[in-house]
Amino acid sequence: MSEIRRDPLRGHWTIIAHARGKRPSDFTRSAHATERGKVCPFCPGNERLTPEEVMAVRPSDDPANQPGWSVRVIPNKYPAVQNDLPERPIETGGLFERVPAMGVHELVILSPEHDRSCAQLSVDHWNTVLAVCQHRMHELWRDPNTQHVALFMNHGPAAGASREHPHMQIVSAPVSAPVSDRMLTSLRAHYKAKQTCMVCDILQSEVTQDVRIVAQDKTYVTIAPFASRLPYELWIVPRAHRSTFLSVPAGDRRRFATHLRDIFERLTNQLGNVPFNAILHSSRPGPDDPKAPFHWHFEIAPRLAELAGLEWGSGAHINPVSPEAAASQLKGDAPK
Ligand SMILES: [Zn+2]
Ligand SMILES: [Zn+2]
């Protein structure tokens, strides 16, 4: 039985996913770091090893769950949330708030090629991946119980990836995400004071100062954020104010694919094949709420260092690489 519990003191939610049935030894890094030599269920020809696909991009008359696809979406075999939980009363308002972990957990296998990294996928291919993600996220938002849909990627064991084969994950949940809630609180306060979107204002200041810009084009800007928690943390921010990634039209989506691929290439060129997490921050589909002007963006966080006691206990991070130095390096400036 999976359920989502709220910490009454700190406000975070935790998915208690006991059904995943892990033992303490399963959590050691080496237990899931040594996948080499094992059969990869995400590779073409091994489709029978995964749950039946939700959708795949393949020639239209090819049968499902067979090789020939270029992007494949499957239910996660070990979901953090599930749609077939027995109905349970929701307990809210007390000290121990809990809701059943109802939702959908899908994996988007980025390409048939096991070793093709994010930097090696073509712009066309990224565009297809992003279109598939938009489509699936729209579908998950159709459930009236959905309060949050996360799109994220873990790459490398240090970033929590249990499979090497590049894939993204989509998770819908019946509660909103605390990180999104905190951003909305800041955006609302800023809007109340200035009647502008804080992210638009940050972007404008960053472009003017030009000390933390990694790359920019007509549609997107990548910055190393001012208070980066991790070395080489990056935000890809669209110049156009739009609350949700889900309404990004095809032309801008393709430009995002171009920009995203460029950023992955820069990271690979400068840092090598580093583990990273990437996550989309986006509001639900629908028109912008002018009083809560969310501004979608995409965050990439290389995981070069483990979180230690100070970070875990206090939320204060120690970042040994200044965002200005990170931006300069990734931008390709001459070393100073
Ligand atoms: Zn594979
Ligand atoms: Zn904005």
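The residues of the chain are indexed from 1 along the displayed sequence. Order of appearance sets the numbers: ligands from 1, and atoms from 1 within every ligand.
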> Are Glu53 and Arg58 close enough for a salt bridge, meaning some N to O gap below 4.0 Å?
Replying inline: yes

>> If I take the Zn ion (ligand 1) as the centre, what angle separates the SG atom of Cys40 from the SG atom of Cys43? Nearest 10 degrees is fine.
In response: 120°

>> I'd like the atom name of the N/O/S atom in His114 lying closest to the Zn ion (ligand 1).
In response: ND1

>> In this structure, is the centre-to-centre distance between the rings of Phe294 and Tyr191 below 6.0 Å?
In response: no

>> Restricting to N, O or S, what is the name of the atom of His295 that lies nearest the Zn ion (ligand 2)?
In response: ND1

>> Checking one value in my table: which N/O/S atom of His241 lies closest to the Zn ion (ligand 2)?
In response: ND1

> Vertex the Zn ion (ligand 2): angle to SG of Cys200 and SG of Cys197, to 10°?
Replying inline: 110°

> What about the rings of Trp126 and Phe256, do their centers lie closer together than 6.0 Å?
Replying inline: no

> Ile300 pairs by side chain to side chain contact (heavy atoms under 4.5 Å, CB included) with which of Thr222, Ile279, Leu260, Asn277?
Replying inline: Leu260

> Would you call Asp217-Arg239 a salt bridge at under 4.0 Å N-O?
Replying inline: no

> What N, O or S atom of His165 is found closest to the Zn ion (ligand 1)?
Replying inline: ND1

